[in-house]
Asker: 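Okay, handing you the structure first.
Not measured: the values here are computed from a predicted model. Just follow the structure's listing: the first ligand is 1, and inside any ligand the first atom is 1.
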Amino acid sequence: MSKNTKSTLKANNTEQDHNTSDKLWDGRFSQPTDAFVEAFTASVSFDQRLYRHDIMGSKAHAAMLSKIGVLTESECQTIISGLDEITADIESGNFSWSIKLEDVHMNIEARLTDKIGDTGKKLHTGRSRNDQVATDIRLYLRDEIDAVVAELKRLQLGILSLAELEADTIMPGFTHLQTAQPVTFGHHLLAWCEMLFRDVARFQDCRARVNIMPLGAAALAGTSYPIDRAYTAELLGFDAVTENSLDAVSDRDFVIEFVSAASILMMHLSRYSEELILWSSAQFNFVELSDSFCTGSSIMPQKKNPDVPELVRGKTGRVQGHLVCLLTLMKGQPLAYNKDNQEDKEPLFDTIDTIKSCLKVYADMMPNIAVNRDAMRLAAAQGYSTATDLADYLVRKGMPFRDAHSVVGKSVAYGIEQQKDLSELSLKELQNFSDMISDDVFDVLTLEGSVAARDHIGGTAPKQVIAAIKRAHTKL
Ligand code: ARG
């Protein structure tokens with residue numbers, strides 16, 4: 001949302017005196033709302049974040065009403081300038097939000113009538129807050145998805161730059177967190193980048209279903225005015241209009257879908273975090289995060305803690321919690337709109353804030369990761385990571401793979417006993433396990449030979465990493 005909504009929130013709105021009470025709906029009521037209930041049912045403290053999109057929707061609605069002759073051209077102009085003034089008031093902090101007016105929609109509508117008089121009362125013709133709020137959330141979310149995707153791409157670019165520098169840096173690849181086979185660090189980073197490509201695709205896919213216009217569904221059944229929904233949709237940049245008015249005002253599956261994509265993104269960021277935390281420990285010592293992204297301990301002077309990845313890992317929980325919250329919110333609701341739906345906003349807003357800040361801090365941190373290539377190489381050299389290469393070598397010499405597996409297993413056991421890596425055993429020692437081994441074996445036992453041999457699309461060879469980085473740039 002705009003940074004400058006410093007507007008105040010008032011329980012008692014003394015400035016506005018457009019009605020005997022402040023309510024826009026109390027014609028049939030003979031008693032005032034209980035003060036606590038008023039606060040309990042109000043959403044303006046959090047939905048004021050939608051003001052820009054609410055006003056955008058109202059301007060398009062007014063233009064459509066004028067096109068079909070429900071408003072005169074001059075009434076429409078008066079409404080539009082009134083709404084523009086309200087935008088300026090909100091953004092300069094001159095708007096007092098009132099909980100008596102419940103939500104962002106009625107605060108803005110009431111203020112409009114204060115400003116322009118009775119014409120303001122005509123804006124809500126052929127519309128309900130039910131289709132209005134659904135429209136606002138979709139307009140707002142559409143913008144936020146674009147912002148999230150832009151930040152995701154910035155993070156991907158950071159990962160690709162580091163991957164390019166580390167295309168032939170050798171590190172141990174792990175399965176079960178045990179050293180498995182040598183890989184290049186560039187290749188490992190490209191794995192992160194691939195996950196993010198799928199996240200981008202999920203958000204873009206979600207956007208296609210967000211960008212459908214509910215306006216015109218009115219309260220639940222549509223409206224008796226001869227509205228031109230296609231015209232309003234075009235003004236607002238929607239791809240289409242909703243097909244069914246009951247569905248349009250009631251479903252929030254597009255919010256659930258977004259938060260679901262956000263949960264998967266956070267799961268990915270949490271996995272990167274876990275790796276960065278492990279790697280920056282003294283035990284791994286593969287990377288060092290810059291001082292500006294770490295904090296110290298108040299008692300242990302030697303500590304430099306990877307707080308940023310830890311917090312990102314921690315924040316994953318709240319986004320996943322929001323997903324469960326929203327699924328549960330929807331599951332019991334009969335058609336059409338129910339007030340339950342007002343509870344969609346806080347989890348959605350917090351999800352957006354959380355993923356945007358996590359993406360920002362990660363994109364900023366990427367170029368500030370120092371790589372300890374020696375420690376990575378040493379770790380790869382120590383874990384018998386080329387054992388599979390020796391087995392493949394024997395297979396190429398004619399041995400069935402299962403037999404080769406067993407021969408290499410015995411060589412590894414011998415190496416452990418001698419405290420030597422396979423590449424440190426002499427040819428004579430190796431030949432004790434198979435006479436098919438000759439002196440060309442050392443080409444495959446080196447770490448460089450091992451990674452260079454995985455030379456196909458998706459493989460870890462430095463040459464393939466460079467090619468994959470090029471393809472990734474093209475996709476971005
Ligand atoms: N503040 C409400 C919400 O967020 C707006 C719609 C209210 N509609 C109603 N009929 N009370 O859902």
Asker: Here's a test for you: under side chain to side chain donor-acceptor pair (under 3.5 Å), which of Glu109, His105, His124, Glu102 qualifies with Arg129?
Answerer: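 The residue from Glu109, His105, His124, Glu102 that satisfies side chain to side chain donor-acceptor pair (under 3.5 Å) with Arg129 turns out to be Glu102.
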Asker: Is a side-chain donor or acceptor of Thr169 paired with a backbone partner of Phe185 at a separation under 3.5 angstrom?
Answerer: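 Here the side-chain-to-backbone pair does not exist.
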Asker: Going by the atom numbers of ligand 1, which of them fall below 4.0 Å from some non-hydrogen atom of Gln342?
Answerer: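 Here the atoms of ligand 1 in question are 1 (N), 2 (C), 3 (C), 4 (O), 12 (O).
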Asker: To check your reading of the model: name the closest protein heavy atom to atom 11 (N) of ligand 1, its residue, and the distance in Å.
Answerer: Arg129 NH2, 3.4 Å
Asker: Could you check whether atom CD of Glu243 has more than 12 heavy atoms from other residues, nucleotides or ligands sitting under 6.0 Å from it?
Answerer: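 Counting neighbours around CD of Glu243, 12 or fewer heavy atoms of other residues, nucleotides or ligands fall under 6.0 Å, so no.
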Asker: Using a strict 4.0 Å threshold on nitrogen-to-oxygen distance, state whether Arg202 and Asp199 make a salt bridge.
Answerer: yes
Asker: Is it true that Arg207 and Asp146 make a salt bridge, defined as a side-chain N closer than 4.0 Å to a carboxylate O?
Answerer: yes
Asker: Do me a favour and list the nearest non-hydrogen protein atom to atom 12 (O) of ligand 1 with residue, atom name and distance?
Answerer: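 Residue, atom and distance for the closest contact: Tyr337 OH, 2.4 Å.
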Asker: Identify the closest protein heavy atom to atom 4 (O) of ligand 1: which residue and atom is it, and at what distance?
Answerer: Lys345 NZ, 2.5 Å
Asker: Which atoms of ligand 1 have any heavy atom of Ser43 under 4.0 Å away?
Answerer: 1 (N)
Asker: Hey, looking at atom 8 (N) of ligand 1, which of Asn130, Val44, Asn338 has the closest heavy atom?
Answerer: Asn130
Asker: If the threshold is 4.0 Å, N to carboxylate O, is there a salt bridge linking Lys356 and Glu151?
Answerer: no
Asker: Gln132 near ligand 1, heavy-atom distance under 4.0 Å?
Answerer: no
Asker: Who's the nearest protein heavy-atom neighbour of atom 5 (C) of ligand 1, and how far?
Answerer: Asp103 OD2, 3.5 Å
